[in-house]
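Following: one structure in structure tokens, then a few remarks.
Treat the numbers as computed from the prediction; the structure is a model and nothing was measured.
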Amino acid sequence: MDHYKVLGLHRTASKAEIKAAFQKLAFQFHPDKHSHSPKVVRDNATLRFKQVSEAYEVLMDDRKRADYNFRSRSTAGTGSYYSQYSYGYARGGSSSYEQRSRHKYGGGGGGGIASKFELVVRILSARSSLLNLGFAAAILGGIVVIDKSGESLWERQNSGKSFEEAMKSIEKAKTYRDDSVKERT
């Protein structure tokens with residue numbers, strides 16, 4: 001099933017063209033319109049309505065459409081794409097959850113290097129991954145800035161002394177103070 005063919009459109013169709021084609025076909029195949037038709041006609045109309053709805057859902061969402069276009073070019077007729085977006089009527093009996101799970105977790109597919117690379121790219125391009133990566137970068141940047149500002153503040157306040165020298169002089173002062181306290185008692 002090619003989503004563009006289902007809607008009777010070319011791959012370069014705009015969102016307005018997709019919407020117009022969907023509205024026309026959805027009206028034509030809507031189950032309520034065929035409620036008094038024979039069972040065969042009613043079932044066929046219901047199937048076509050679901051296919052038209054699925055095509056519309058995929059092609060109107062920019063991310064799903066890009067994914068569909070990429071997969072339909074790379075699989076070239078193998079049908080592996082449809083396991084993600086079919087809803088139980090196009091693949092002969094499996095539930096939509098099983099089909100999406102099978103696709104998402106690699107069951108039933110080729111599983112070659114290209115698909116593993118594609119999985120990594122999809123994970124890294126997911127919004128949540130990008131947000132997490134941005135958050136981690138912000139925290140790391142904050143740590144670096146704080147560390148550098150602490151060093152420059154130390155150098156500004158204690159010119160000529162290293163941190164180690166300052167710690168040694170503090171230890172000497174403590175021992176001197178402790179010794180003077182002991183002498184008094």
Side-chain angles (χ1 to χ4, degrees), residues 1-140:
M1 181 179 80
D2 181 356
H3 292 317
Y4 293 102
K5 285 183 183 177
V6 167
L7 294 176
L9 298 171
H10 190 267
R11 289 192 171 278
T12 59
S14 68
K15 284 191 175 191
E17 292 171 321
I18 294 169
K19 186 174 183 178
F22 167 73
Q23 288 174 341
K24 177 184 169 194
L25 293 171
F27 179 75
Q28 181 181 349
F29 295 113
H30 198 279
D32 291 344
K33 186 175 182 182
H34 297 280
S35 62
H36 299 298
S37 300
K39 182 171 177 23
V40 175
V41 173
R42 190 171 54 238
D43 290 345
N44 187 37
T46 301
L47 175 64
R48 290 281 290 147
F49 181 78
K50 288 180 180 179
Q51 290 173 341
V52 167
S53 298
E54 176 185 344
Y56 176 75
E57 178 185 337
V58 171
L59 298 180
M60 285 301 284
D61 184 299
D62 292 333
R63 293 184 75 176
K64 287 181 183 178
R65 184 176 183 177
D67 184 49
Y68 171 76
N69 288 339
F70 175 76
R71 287 180 181 278
S72 63
R73 267 189 246 115
S74 65
T75 58
T78 61
S80 65
Y81 170 79
Y82 299 104
S83 63
Q84 181 176 6
Y85 292 113
S86 75
Y87 298 103
Y89 53 84
R91 296 283 296 207
S94 298
S95 72
S96 60
Y97 175 76
E98 292 173 46
Q99 290 172 6
R100 285 191 299 264
S101 297
R102 207 178 317 131
H103 173 73
K104 190 172 188 177
Y105 300 109
I113 293 173
S115 65
K116 291 191 183 351
F117 175 74
E118 179 185 340
L119 179 64
V120 169
V121 169
R122 292 188 78 201
I123 288 170
L124 292 177
S125 65
R127 285 183 184 166
S128 61
S129 296
L130 293 175
L131 289 173
N132 289 339
L133 186 62
F135 185 66
I139 290 175
L140 182 61

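A distance of 9.5 Å separates NE2 of His30 from OG1 of Thr46, quoted to the nearest 0.5 Å. For the atom pair CG of Leu25 and CD of Gln51, the computed distance is 11.0 Å after rounding to the nearest 0.5 Å. The line from CE of Met60 to CZ of Arg65 is 9.0 Å long, rounded to the nearest 0.5 Å. Atom CD of residue Glu54 and atom NZ of residue Lys64 lie 9.5 Å apart, to the nearest 0.5 angstrom. One finds the OH atom of Tyr68 at 13.5 Å from the CD atom of Glu57 (value rounded to the nearest 0.5 Å). Going from atom CZ of Arg42 over to atom CZ of Phe49 covers 15.5 Å, rounded to the nearest 0.5 Å.
For Lys33, the NZ atom is densely surrounded, since the number of other residues' heavy atoms within 6.0 Å is greater than 12.
You'll find the side chain of His3 stays beyond 4.5 Å of the side chain of Ser72, heavy atoms only. Contact annotation: the side chain of Leu7 never approaches that of Lys24 to less than 4.5 Å [non-hydrogen atoms, C-beta and beyond].
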Candidate pair Tyr4 and Asn69, rule side chain to side chain contact (heavy atoms under 4.5 Å, CB included), full reasoning: CA-CA 10 Å; Tyr4 293 102; Asn69 288 339; 2.8 Å; yes
Hey, mind stepping through Arg48 and Val6 against side chain to side chain contact (heavy atoms under 4.5 Å, CB included) and telling me if it holds? CA-CA 8 Å; Arg48 290 281 290 147; Val6 167; 4.3 Å; yes
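For the pair His34 (side chain) and Gln28 (backbone), a donor-acceptor distance under 3.5 Å is present.
Tyr56 approaches Lys19 most closely through the heavy-atom pair CE1-CA, 3.9 Å. The heavy-atom pair separating Phe22 from Val52 by the smallest distance is CD1-CG1, 3.4 Å. Contact between Thr12 and Glu17 at its shortest, heavy atoms only, is O-OE1, 4.4 Å.
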